[in-house]
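I have placed the structure first, in the form of structure tokens, so that the comments after it can refer back to it.
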Protein chains: 2
Amino acid sequence: MATGRNHRPATRSRGIPEATVARLPLYLRALTALSERSVPTVSSEELAGAAGVNSAKLRKDFSYLGSYGTRGVGYDVEYLVYQISRELGLTQDWPVVIVGIGNLGAALANYGGFASRGFRVAALIDADPKMTGKQVAGIGVRHVDELESIVHTNGVSIGVITTPAGAAQQVCDRLVGAGVTSILNFSPTVLSVPEGVDVRKVDLSIELQILAFHEQRKAADELSRGLRGPERPAPAAGGTGGGAGGARRGEGPGPDGDIPAVMPA
Amino acid sequence: MATGRNHRPATRSRGIPEATVARLPLYLRALTALSERSVPTVSSEELAGAAGVNSAKLRKDFSYLGSYGTRGVGYDVEYLVYQISRELGLTQDWPVVIVGIGNLGAALANYGGFASRGFRVAALIDADPKMTGKQVAGIGVRHVDELESIVHTNGVSIGVITTPAGAAQQVCDRLVGAGVTSILNFSPTVLSVPEGVDVRKVDLSIELQILAFHEQRKAADELSRGLRGPERPAPAAGGTGGGAGGARRGEGPGPDGDIPAVMPA
DNA sequence: TAGATTGTTAATCGATTAACAATC
DNA sequence: TAGATTGTTAATCGATTAACAATC
């Protein structure tokens with residue numbers, strides 16, 4: 001890093017905060033939808049609503065990119081699509097390889113949101129010889145022996161790892177050794193990579209555990225408010241009753257009132 | 001929410017910061033691995049290394065849970081596993097439904113990391129009549145018409161949405177209407193839910209776009225340092241040359257020096 | 001001009017981190 | 001006792017947000 005700072009770019013150089021970078025794709029998606037409906041301009045309020053953030057945050061985020069709006073009017077949709085795409089590096093083509101073609105690898109290979117955003121699946125790679133040659137999402141699966149040559153030939157700098165946990169670090173090392181500098185890791189492993197290589201991790205189990213934490217606390221909150229038994233809706237089907245089982249709670253003393261959406265009787 | 005604060009719990013009640021909650025599953029995974037190797041105790045330094053965080057952060061995180069370590073010794077692995085599991089709500093059983101059984105839904109259904117962490121796939125649900133009755137991961141797929149009764153009967157409070165974008169909001173509404181209060185959303189949609197319902201979003205395309213942003217900046221950095229052409233490793237395979245393609249860069253003017261890993265000629 | 005909406009400021013809040021006293 | 005390591009403090013940093021002047 002340019003300064004003494006360590007690992008993870010955080011905010012360096014041009015200085016777009018990480019939190020902002022992580023939201024740019026959200027804005028881009030919302031803008032693309034507007035563009036498809038031929039909406040010419042949009043206000044920060046509208047766009048923020050569509051992206052699921054608040055408008056002050058959106059304007060602050062955009063201010064890091066430049067002054068692309070018009071006071072009193074809003075933002076030109078097409079222009080913003082272009083500027084954000086450019087900022088994210090989506091105006092160029094990114095060949096990616098997916099390593100590990102199980103259910104998840106196949107799901108990603110079939111994922112439509114790729115091509116439209118500049119990502120091109122250059123190859124699917126698997127260690128199982130029985131997989132090689134098979135077509136997945138119209139692409140032939142190749143053997144992991146070819147990994148290095150595939151990366152070199154296609155100038156791949158982004159790799160997606162969807163192998164079992166046991167194979168992930170080894171695959172990662174080979175990808176990095178072959179020149180890959182960004183890795184999207186779906187395996188439940190902490191990958192170790194040299195300086196200069198970015199790793200992002202998607203972990204289903206972790207997401208579920210975070211949900212469980214909040215779910216548990218909701219149940220505890222209900223109990224401590226003395227509303228009902230421990231988080232179990234009406235046992236029988238058919239009745240609309242149990243449906244409320246925690247959903248749409250009348251939150252505290254707010255203006256929302258205490259009227260349950262559905263009354264048990 | 002109990003106080004005036006809006007949406008997203010952030011830190012409320014017992015007061016474990018969100019950032020800490022999000023790391024607890026990481027610690028738990030590392031601890032589980034140690035437990036399987038029958039390691040009795042672990043220091044914050046070791047555990048932090050295994051989880052990929054720094055040790056000060058880990059100790060701070062644990063301090064929110066209580067004082068579970070022993071000065072001069074470290075943490076008892078089994079005890080910590082239990083405490084974190086309990087904190088996350090994993091000592092109870094969480095029935096989940098997965099709606100949308102395409103490649104991704106099937107991948108999740110087959111995912112092994114579920115059962116071991118207290119999550120049980122109560123049902124797989126799909127809108128396609130041709131899917132109903134099929135076995136996926138040993139579970140019969142059921143038709144979306146049954147969604148409400150499945151949720152009621154099994155006391156499901158966590159739903160996973162793996163449908164196409166177009167169906168996601170509708171599925172979400174039905175899940176919430178039936179009593180689900182936590183949703184893991186894999187569709188590229190901003191779901192709108194009533195107060196009290198938690199949504200977490202996993203978005204492959206967004207992760208890739210964030211990587212592309214950093215990848216692009218690496219290339220720009222290289223260029224501005226005048227090292228070589230725009231981010232393309234040596235075209236031919238075989239040589240060790242192109243491999244470096246950006247990896248392990250000599251970072252800036254630091255003590256690391258300006259020696260490129262590989263010279264173009 | 002009047003109304004609308006951006007871009008920016010400044011206050012606040014939450015998260016990270018180094019350092020070290022407490023204590024095993 | 002000496003060495004090790006936790007739990008906590010306090011400083012710092014980054015992110016969020018409301019508010020509003022600038023300006024279309």
Side-chain angles (χ1 to χ4, degrees), chain A residues 1 3-24 26-27 31 39-77 79-80 83-84 210, chain B residues 1 3-24 26-27 31 39-77 79-80 83-84 210:
Chain A
M1 311 285 143
T3 66
R5 194 144 293 289
N6 228 343
H7 238 159
R8 288 276 127 181
T11 305
R12 69 174 190 189
S13 78
R14 186 75 158 318
I16 300 182
E18 268 303 305
T20 296
V21 171
R23 282 188 294 267
L24 291 181
L26 290 176
Y27 303 142
L31 284 163
V39 175
T41 59
V42 66
S43 70
S44 61
E45 197 70 48
E46 292 167 318
L47 184 54
V53 304
N54 95 21
S55 68
K57 192 187 286 182
L58 178 142
R59 288 198 300 278
K60 189 105 215 311
D61 284 341
F62 285 179
S63 77
Y64 293 111
L65 309 184
S67 288
Y68 295 148
T70 308
R71 289 163 139 106
V73 177
Y75 299 91
D76 182 279
V77 171
Y79 186 56
L80 244 196
Q83 291 296 347
I84 294 180
I210 296 171
Chain B
M1 306 290 140
T3 66
R5 193 144 293 288
N6 228 343
H7 238 157
R8 288 277 126 181
T11 304
R12 69 174 188 188
S13 76
R14 183 80 156 316
I16 299 181
E18 267 304 303
T20 295
V21 171
R23 280 187 296 265
L24 292 181
L26 291 176
Y27 302 141
L31 284 164
V39 175
T41 59
V42 66
S43 71
S44 62
E45 198 69 48
E46 292 168 317
L47 184 55
V53 305
N54 93 21
S55 67
K57 193 187 285 182
L58 176 142
R59 288 198 301 279
K60 189 104 214 321
D61 283 343
F62 285 0
S63 77
Y64 293 112
L65 309 184
S67 288
Y68 295 148
T70 307
R71 288 162 139 105
V73 177
Y75 300 91
D76 182 278
V77 171
Y79 186 55
L80 245 195
Q83 290 297 345
I84 295 180
I210 296 171

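Just so you know, these numbers come straight off a predicted model, no measurement behind them. Every chain is numbered from 1, with letters handed out A, B, ... down the list of sequences.
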Integer-rounded Å distance: [N] [atom2] and [X] [atom1]:
X: Phe62(B); N: dT6(D); atom1: CZ; atom2: C1'; result: 12 Å
X: Leu80(A); N: dG7(C); atom1: CG; atom2: C1'; result: 13 Å
X: Arg71(B); N: dT5(D); atom1: CZ; atom2: P; result: 14 Å
X: Tyr64(A); N: dG14(D); atom1: OH; atom2: P; result: 11 Å
X: Arg23(A); N: dA15(D); atom1: CZ; atom2: C1'; result: 8 Å
X: Ile16(B); N: dA15(C); atom1: CD1; atom2: P; result: 12 Å
X: Tyr79(A); N: dT6(C); atom1: OH; atom2: P; result: 16 Å
X: Asp76(B); N: dT5(D); atom1: CG; atom2: C1'; result: 15 Å

Just to verify, what does Arg23(A) make a salt bridge (charged side-chain N to carboxylate O under 4.0 Å, His left out) with, not counting sequence neighbours?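 So Arg23(A) forms a salt bridge (charged side-chain N to carboxylate O under 4.0 Å, His left out) with Asp61(A).
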
Considering residues at least two apart in sequence or located in another chain, which fulfil the side chain to side chain contact (heavy atoms under 4.5 Å, CB included) criterion with Thr70(B)?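 Thr70(B) satisfies side chain to side chain contact (heavy atoms under 4.5 Å, CB included) with Val73(B) only.
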
Counting side-chain heavy atoms from CB outward, which of dG7(D), dC24(D), dT16(C) is closest to Ala19(B)?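 From the listed options, dT16(C) comes nearest.
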
Out of dT8(C), dT16(C), dG7(D), whichever nucleotide has its closest atom nearest the side chain of Ser63(A):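 The listed nucleotide nearest to Ser63(A)'s side chain is dT8(C).
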
Taking only side-chain N and O atoms of Tyr75(B), does any of them lie within less than 4.0 angstrom of OP1 or OP2 on dG7(D)?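 Tyr75(B) to dG7(D) OP1/OP2: side-chain N or O found under 4.0 Å.
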
Side-chain N or O of Ser44(A) closer than 4.0 Å to phosphate OP1/OP2 of dT6(C):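 Yes, Ser44(A) has a side-chain N/O under 4.0 Å of OP1/OP2 on dT6(C).
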
Please name all residues satisfying side chain to side chain donor-acceptor pair (under 3.5 Å) with Ser43(B), sequence neighbours left out, ordered by chain then number.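 Per chain and number, Ser43(B) pairs via side chain to side chain donor-acceptor pair (under 3.5 Å) with Glu46(B).
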
Taking DNA chain C as the partner, which of residues 48-61 of chain A come within under 4.0 angstrom of it by heavy atom?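 Contacting residues: Arg59(A), Lys60(A).
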
DNA chain D: stems of at least 3 consecutive Watson-Crick or G-U pairs, cut-off 3.5 Å?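 The stems are C:3-24 with D:3-24.
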
CD1 of Ile84(A) to CG of Leu31(A): how many Å apart, nearest 0.5 Å?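 If I round to the nearest 0.5 Å, the distance is 5.0 Å.
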
Can you sort out the partners of Phe62(B) under ring pair (Phe, Tyr, Trp, His ring centres under 6.0 Å), two or more places apart, ordered by chain and number?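 With neighbours one apart ignored, the set is Tyr27(B), Tyr75(B).
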
Heavy atoms only: give me the nearest Tyr64(A)-Gly15(A) pair and the separation to one decimal.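 The answer is CD2-O, 4.1 Å.
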
